[in-house]
Amino acid sequence: MTNYGKIAVLDEGFVFQGPRRGWLWRKPPPFSADYAAITEIVALKLDLITTDEVVFDIWLDDGRSLRIWESVEGFVELDAALAERLPGYFRDWRGVVIFPAFEENRTVIYQRAAEGVS
């Protein structure tokens, strides 16, 4: 089984530990984020010739971003945690992103509401 990394879902956020790849002798440092720091999540589908892969692009309020692939252990658990904790999270994104085939189907599934705007 290929190691694409692992996501640990926590009460206040998540931690992604990427695998050791290529020239890296050590694992990269873990990427951690609080749910409250998430400003936007975009789901899209990548055409990898023989397969398609769904990814989440996640942006945080400190300027960091992360792409998480559906092949990563804990992706399903992260999706469920995001749906539970982020108001306005688009829970039915799969039907929009996965179909039709051969299309990227980029979809904003979460965008934090602007604070102080009435």
Side-chain angles (χ1 to χ4, degrees):
M1 179 175 184
T2 303
N3 179 4
Y4 294 104
K6 183 176 182 176
I7 299 168
V9 174
L10 310 171
D11 288 338
E12 66 283 348
F14 67 93
V15 177
F16 170 69
Q17 176 61 64
R20 185 174 63 83
R21 293 273 185 151
W23 56 272
L24 295 173
W25 290 101
R26 294 180 231 184
K27 285 185 179 181
F31 182 102
S32 62
D34 290 341
Y35 300 118
I38 297 172
T39 59
E40 185 172 78
I41 303 172
V42 174
L44 60 124
K45 186 175 61 199
L46 302 175
D47 181 358
L48 304 176
I49 310 298
T50 58
T51 62
D52 286 340
E53 181 85 11
V54 171
V55 298
F56 283 176
D57 287 338
I58 301 174
W59 286 272
L60 305 176
D61 56 11
D62 64 5
R64 295 181 302 150
S65 63
L66 175 67
R67 174 167 278 182
I68 297 181
W69 297 55
E70 68 179 332
S71 302
V72 171
E73 183 181 337
F75 181 88
V76 172
E77 292 80 4
L78 177 63
D79 179 39
L82 294 169
E84 181 180 311
R85 291 170 175 86
L86 299 178
Y89 185 85
F90 181 41
R91 294 172 183 258
D92 297 324
W93 62 265
R94 281 183 180 80
V96 176
V97 174
I98 294 173
F99 301 105
F102 310 112
E103 298 292 328
E104 184 179 72
N105 302 324
R106 181 179 295 269
T107 304
V108 175
I109 61 172
Y110 173 74
Q111 194 162 42
R112 184 167 66 191
E115 297 164 356
V117 176
S118 54

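Heads up: numbering here begins at 1 and tracks the sequence. Only a predicted model underlies this, so the values are computations on that prediction, with no experimental measurement involved.
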Legend entry - Whether Glu53 side chain and Trp69 backbone form a donor-acceptor pair below 3.5 Å: no
Inset, instruction - Find out whether Phe99 and Asn105 are in side-chain contact, i.e. whether some heavy atom of one side chain is under 4.5 Å from a heavy atom of the other. - result: no
Inset, instruction - Determine whether Ile68 and Ile98 fall in the same hydrophobic cluster, where Ile, Leu, Val, Met, Phe, Trp and Tyr are linked whenever their side-chain heavy atoms lie under 4.5 Å apart. - result: yes
Inset, instruction - With rounding to the nearest 0.5 Å, note down the distance linking CG in Leu44 to CG in Asp57. - result: 5.5 Å
Inset, instruction - Please check if Leu66 and Val108 belong to a single hydrophobic cluster, counting links between Ile, Leu, Val, Met, Phe, Trp and Tyr side chain heavy atoms closer than 4.5 Å. - result: yes
Legend entry - Sidechain-backbone polar pair: Thr39 side chain, Trp59 backbone, donor-acceptor under 3.5 Å: yes
Legend entry - Side chain Arg64, main chain Ser32, donor-acceptor under 3.5 Å: yes
Legend entry - Any side-chain heavy-atom pair of Ile7 and Val9 under 4.5 Å: yes
Inset, instruction - Report whether Leu46 and Phe102 are members of the same hydrophobic cluster (ILVMFWY, side-chain heavy atoms less than 4.5 Å apart, transitive linking). - result: no
Legend entry - Which residues share a salt bridge (charged side-chain N to carboxylate O under 4.0 Å, His left out) with Asp34, sequence neighbours left out: none
Inset, instruction - To the nearest 0.5 Å, tell me how far Tyr4 OH sits from Phe16 CZ. - result: 12.0 Å
Inset, instruction - Would you kindly confirm whether Phe75 and Val15 end up in one hydrophobic cluster when ILVMFWY residues are joined by side chain heavy atoms under 4.5 Å apart? - result: no
Inset, instruction - Working to the nearest 0.5 Å, report the span between CG of Leu86 and CZ of Arg91. - result: 10.0 Å
Legend entry - Audit row: Leu82, Ile109, side chain to side chain contact (heavy atoms under 4.5 Å, CB included) steps and yes/no: CA-CA 10 Å; Leu82 294 169; Ile109 61 172; over 6 Å; no
Legend entry - Heavy-atom closest pair, residues Lys45 and Val97: NZ-O, 3.5 Å
Legend entry - Any donor-acceptor pair under 3.5 Å from Tyr35 side chain to Glu12 backbone: no
Inset, instruction - For the residue pair Gln17 and Pro29, establish whether any side-chain heavy-atom pair is separated by less than 4.5 Å. - result: no
Legend entry - Considering all heavy atoms, the nearest Asp11-Arg85 contact: O-NE, 3.1 Å
Legend entry - Nearest heavy atoms of Pro19 and Pro28, plus distance in Å: O-CD, 3.5 Å
Legend entry - Joint cluster assignment, Phe31 & Leu10, ILVMFWY side-chain distance < 4.5 Å: no
Legend entry - Qualifying residue, where the test is ring pair (Phe, Tyr, Trp, His ring centres under 6.0 Å) with Phe56 and the options are Phe14, Tyr110, Trp93: Trp93
Inset, instruction - Please step through side chain to side chain contact (heavy atoms under 4.5 Å, CB included) for the pair Ile38 and Leu60, ending with a clear verdict. - result: CA-CA 4 Å; Ile38 297 172; Leu60 305 176; 3.7 Å; yes
Legend entry - Glu70 side-chain N/O to Val54 backbone N/O, donor-acceptor pair under 3.5 Å: yes
